[in-house]
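Computed from heavy atoms alone, side chains included, the values below leave out hydrogens, waters and symmetry copies. Below, chains carry the letters A, B, ... as their sequence lines are ordered, and counting in each starts from 1. The structure presented is a predicted model; accordingly, all values stated were derived computationally and were not measured.
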Amino acid sequence: MNWTWFHKFASPPHAYRLLGTLRPWLFWPAVVLMLWAVYNGLFVAPTDYQQGDSFRIMYVHVPSASLSLMVYSMMAIAAGIGIIWRMKLAHAVAAGCAVIGAWFTVLALVTGAIWGKPMWGAWWAWDPRLTSELILLFLYLGYMALRASYDDVQRADRASGILAVVGIVNVPIVKYSVQWWNSLHQGSSLSLTGSSAIDPSMLPPLLAMMVGFLLFFGAILCDRVRAEILTRERNAGWLSEAA
Amino acid sequence: MSRVTDAPGLWPLASRVLGRELTLAGRHWDQVAQPLLFFVIVVTLFPLATSPDLAQLRQIAPGVVWVAAMLSSLLALESLFRPDVEDGTMEQWVLSEQPLAWMLLMKTAAHWLVSGLPLVILSPLLGTGLGVPVSAWPVLMASLALGTAALSVLGAIGAALTVGVRRGNVLLALLVLPLEVPVLIFGARAVSLGMTGEAVAGPLNLLAAILILAVSLGPMAMAAAIRIGVES
Amino acid sequence: MPASAAPAGEALLEARAIELWRGEHHLLRRVSFRLNAGELLQVTGENGAGKTSLLRVVCGLLPAETGDILWRGVSILEGRDAYHRDVVYLAHLNALKLDLTADENLKAGAGLRRDTTRSEREAVLTALGVARCVDLPARVLSAGQRRRVAFARVLLSKAPLWILDEPTTNLDVHGVELIERLIRDHLEEGGSVLTAAHHGLLAGHPRARQLVLAG
């Protein structure tokens with residue numbers, strides 16, 4: 001199999017230009033989708049018979065929670081590719097994923113707390129989803145802390161990459177163990193999502209929001225990877241030519 | 001010049017690594033005792049911080065013993081690989097033709113023998129102080145035996161990742177503790193089920209599964225991390 | 001400026017255009033050399049010129065940015081185990097456990113490659129002039145004695161390629177002469193030596209060459 005195209009794609013100057021071209025094609029559809037979803041979700045969708053208007057925070061909570069996990073997987077896969085094939089671009093992608101993923105996780109936790117206040121009467125309940133989300137945040141923070149503590153970028157790439165791969169093996173176990181733990185303790189069994197049936201008209205804005213978040217993530221990732229490429233290649237000749 | 005190929009096999013190598021580690025531990029028994037002492041003191045703090053009432057302590061006993069075991073395992077990890085990297089021994093391991101992952105696993109096993117096993121043996125004594133009934137001793141010890149072994153392997157991955165960093169002890173805790181959450185959940189749950197006389201096979205099997213997974217995949221991660229650690 | 005010392009013919013060990021960055025510093029610039037059986041190559045240069053880094057790259061401890069290291073014509077990245085079977089590295093660090101005796105240290109250190117007997121270890125320590133230290137813990141040895149014990153591991157390895165980083169550090173005049181004699185013996189038996197040293201080892205030896213790192 002001929003891998004030249006692959007290496008050409010992965011070469012820093014080429015990737016830098018390609019990501020720059022790609023970015024607006026992700027960013028503007030994301031903005032349009034999210035605006036449409038905000039309008040339909042907040043003003044068109046009917047009020048929930050059980051939760052009133054408070055369920056509407058779902059339009060931020062659910063996409064950010066699902067993205068937080070997806071971005072972690074993507075980070076681990078990119079890190080694995082970087083380690084196995086010694087590909088710098090993959091490491092740059094993993095590094096870019098970490099910060100964005102951590103922010104999605106924070107967003108999921110904050111919106112979960114805001115949603116929890118009217119539901120449980122407290123800002124925090126040890127709901128299994130929120131608890132796994134919190135542990136996911138710790139995994140992100142550990143990854144970022146390890147990366148920051150190495151002076152040398154290449155060592156940081158590989159060490160944090162190993163951690164990401166170990167982490168992704170662990171994530172399903174954490175999720176399962178937390179659910180198991182919660183099922184044994186009675187108490188806050190009222191889950192944020194899932195229990196009450198969703199009205200059909202609530203669904204399209206939610207899907208639009210999820211796709212919008214995904215595209216938005218793609219656009220931000222383009223920016224972050226380009227920034228990573230710039231810092232890593234600051235001594236390379238092609239940069240002064242591109243400037 | 002002829003090549004030398006009479007290298008020791010896996011098991012002689014394992015006994016050599018274990019023998020060396022245990023000899024070293026024997027000449028530094030004071031350092032070996034420190035995490036154990038830490039474990040005892042942390043457990044002692046809980047009655048002082050909450051209440052001397054055994055009925056009340058019994059409620060939190062599984063959690064107290066398990067959190068103390070986790071912290072004490074963490075404390076011992078800092079000296080797992082760092083001295084060997086600092087005196088150049090680890091470089092020689094990396095440069096030997098021997099499988100690095102296997103040697104690191106044996107080193108971790110030695111580490112568990114001197115830091116995890118004493119904790120398992122001592123646990124009924126501390127459990128008694130927290131109101132754990134004698135009937136729950138077997139499950140307490142079994143859960144700690146499986147669990148501390150898994151903690152040693154998971155912790156060793158973290159220790160290997162932070163060995164190339166100047167001051168890695170807080171970082172080590174940040175990396176390792178979230179990974180150890182399932183062990184804590186299953187371990188503490190097994191103990192509390194055992195105390196009320198319920199079936200404990202479920203969580204113990206899950207602990208064993210985690211241990212098997214950690215032992216089969218962990219050493220590769222350790223070896224990759226150690227290769228980065230000795231680069232400097 | 002490419003630093004090179006390359007005679008013609010098939011080389012046992014070959015470094016091709018090694019480049020290494022350390023942070024912002026371009027340490028090794030297209031370093032190439034070849035080393036044959038029975039030859040000594042001495043890497044010289046100022047402090048910070050990258051002597052130790054070059055040795056660590058050649059060992060396979062440090063990955064180079066670009067370039068290849070070939071051992072018997074095979075890249076060391078592909079034939080890592082075969083290469084490591086044939087090479088012994090004496091680093092700045094002696095790799096001695098201070099709580100173990102010289103003999104225990106050698107047993108564990110050399111034991112990674114092959115089983116050694118007590119008499120064999122004693123013989124090597126005697127050859128290095130530290131027979132008295134056999135059963136003393138490394139903690140009580142002087143810096144020079146520790147260096148000699150570390151060198152005993154090199155002799156016990158029976159590896160054809162020795163990579164020695166400042167082998168004579170902390171040694172007195174007699175110690176330096178001793179190491180030079182051992183290196184000469186190794187070359188005569190067909191072994192090869194790559195070393196980094198401040199002062200010239202084996203000056204005037206017909207099979208000793210120098211590689212100067214510009215820094």
What I'd like to find out is whether the side chain of C:Lys107 reaches to under 4.5 Å of the side chain of B:Arg20, using heavy atoms alone.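 Side chain of C:Lys107 against side chain of B:Arg20, heavy atoms only: no contact under 4.5 Å found.
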B:Thr89, B:Asp87, B:Leu24, B:Ile228: which one forms the most heavy-atom pairs within less than 4.5 Å of chain C?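 Counting heavy-atom pairs under 4.5 Å, the top option is B:Asp87.
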Contact winner vs chain C - B:Gln98, B:Met103, B:Arg227, heavy-atom pairs under 4.5 Å: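 Greatest number of close heavy-atom pairs with chain C: B:Arg227.
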Checking heavy atoms, do the side chain of C:Asn94, its backbone, both or neither come under 4.5 Å from chain B?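 Looking at C:Asn94, just its backbone touches chain B.
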Can you tell which part of C:Leu98 gets under 4.5 Å to a heavy atom of chain B, answering side chain, backbone, both or neither?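 Neither part; nothing is under 4.5 Å.
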Take atom [atom1] in [X]; do more than 12 heavy atoms of anything else shown fall under 6.0 Å from it?
X        : atom1 : answer
C:Glu46  : CD    : no
C:Arg22  : CZ    : yes
C:Arg132 : CZ    : no

N/O donor-acceptor pair under 3.5 Å between B:Arg16 side chain and C:Gly111 backbone: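 Confirmed, B:Arg16 side chain pairs with C:Gly111 backbone.
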What do the steps show when you test B:Glu97 against C:Arg114 for salt bridge (Lys or Arg N to Asp or Glu O under 4.0 Å), and what is the final call? CA-CA 11 Å; B:Glu97 63 188 293; C:Arg114 63 191 193 88; over 6 Å; no
Which portion of B:Pro99 sits near chain C, non-hydrogen atoms under 4.5 angstrom: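 Answer is neither: B:Pro99 stays 4.5 Å or more from chain C.
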Contact part of B:Leu95 toward chain C, heavy-atom cut-off under 4.5 Å: side chain, backbone, both or neither?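 For B:Leu95, the contact with chain C is made by backbone and side chain together.
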To the nearest 0.5 Å, what is the distance between OG (B:Ser96) and NE2 (C:His84)?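 So the gap between those two atoms works out to 8.5 Å.
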Got a second to check how far C:Leu100's CG is from B:Thr23's OG1, nearest 0.5 Å?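 The CG atom of C:Leu100 sits 6.5 Å away from the OG1 atom of B:Thr23.
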Does the distance from a Lys or Arg side-chain N to an Asp or Glu carboxylate O, for C:Glu104 and B:Arg27, drop under 4.0 Å?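 Yes, this pair counts.
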Look at C:Arg56 together with B:Glu91 and state whether they make a salt bridge at an N to O cut-off of under 4.0 Å.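 A salt bridge links C:Arg56 with B:Glu91.
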Residue among C:Val87, C:Asp81, C:Leu112 with most heavy-atom pairs under 4.5 Å to chain B: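 Ranked by heavy-atom pairs under 4.5 Å with chain B, first place is C:Leu112.
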Taking C:Asn105, C:Leu93, C:Leu96 one by one, which has the highest count of heavy-atom pairs under 4.5 Å against chain B?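 Looking at each of C:Asn105, C:Leu93, C:Leu96 in turn, C:Leu93 comes out on top.
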Can a donor-acceptor pair be found between the side chains of B:Gln92 and C:Arg153 at a distance below 3.5 Å?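 Yes, a side-chain donor-acceptor pair sits under 3.5 Å.
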